[in-house]
Amino acid sequence: MTEVAAHAAFAAVSADAYRLEAPLTFATVAALRNPGLALIASAKTELTIDLEAVPQVDSAGLALLIDWLGTARARSCQLRYDKPAETLLSLARLSEVEPLLSGCWRRRGRRSGEA
């Protein structure tokens with residue numbers, strides 16, 4: 001994945017929400033990391049990344065989401081991941097990192113105000 005494609009993979013939904021439109025896999029995480037960090041750096045106090053359009057995820061993608069979450073927390077930014085695929089949720093459970101992500105998931109079919 002090129003740097004240009006990685007930046008284009010984040011589609012603005014609103015001022016503090018973006019939709020990720022790329023796989024979160026070993027092949028893509030290196031390119032996606034910095035654009036994600038830039039979004040976190042530019043966020044005021046809150047940022048949502050919609051994961052509904054992510055076609056594929058593996059353990060490297062999960063590690064990237066955790067990395068972004070740690071960076072956001074260090075900057076006192078509330079990062080939420082909206083509509084994660086069941087595959088990602090299962091991977092987090094199997095990897096025993098679900099507690100790290102607790103409170104940052106907004107599941108499919110829930111209204112935006114619900115956790």
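Excluded from the calculations below are hydrogen atoms, water molecules and symmetry mates; all remaining heavy atoms, backbone and side chain alike, are included. Bear in mind the structure is a predicted one, so any value in this text is a computation, not a measurement.
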What I'd like to find out is whether the side chain of Leu20 reaches to under 4.5 Å of the side chain of Leu32, using heavy atoms alone. yes
State, to 0.1 Å, how close Ala31 and Met1 come at their nearest heavy-atom pair, and which atoms those are. CB-O, 3.6 Å
Side chains of Val13 and Tyr18 in contact at under 4.5 Å (non-hydrogen atoms): no
OG1-CG distance between Thr87 and Leu94, expressed to the nearest 0.5 angstrom: 11.0 Å
Ignoring hydrogens and geometry beyond distance, is a side-chain donor-acceptor pair present between Asp50 and Thr48 at under 3.5 Å? no
Approximate separation, where rounding is to 0.5 Å, of His7 NE2 and Thr2 OG1: 9.5 Å
How many angstroms lie between CD in Gln78 and CG in Asp16, if you round to the nearest 0.5 Å? 11.5 Å
Would you say Glu52 and Asp82 make side-chain contact, with heavy atoms under 4.5 Å? no
Find out whether Leu65 and Val57 are in side-chain contact, i.e. whether some heavy atom of one side chain is under 4.5 Å from a heavy atom of the other. no
Measure the spacing between CG of Leu89 and CG of Leu62 and express it to the nearest 0.5 Å. 10.0 Å
Non-hydrogen atoms of Thr25 and Ala60 that approach each other most closely: C-CB, 4.1 Å
Shortest non-hydrogen contact from Pro23 to Pro55? N-CD, 3.7 Å
So do the side chains of Trp68 and Ile49 get within less than 4.5 Å of each other, counting heavy atoms only? yes
Going from CG on Leu64 to CG on Leu69, what distance comes out if it is rounded to the nearest 0.5 angstrom? 11.0 Å
Report yes or no: does Ser42 contribute a side-chain atom to a donor-acceptor pair with the main-chain N or O of Leu39 at less than 3.5 Å? yes
Rounded to the nearest 0.5 angstrom, the OG-CG distance for Ser59 and Leu24 is 11.5 Å
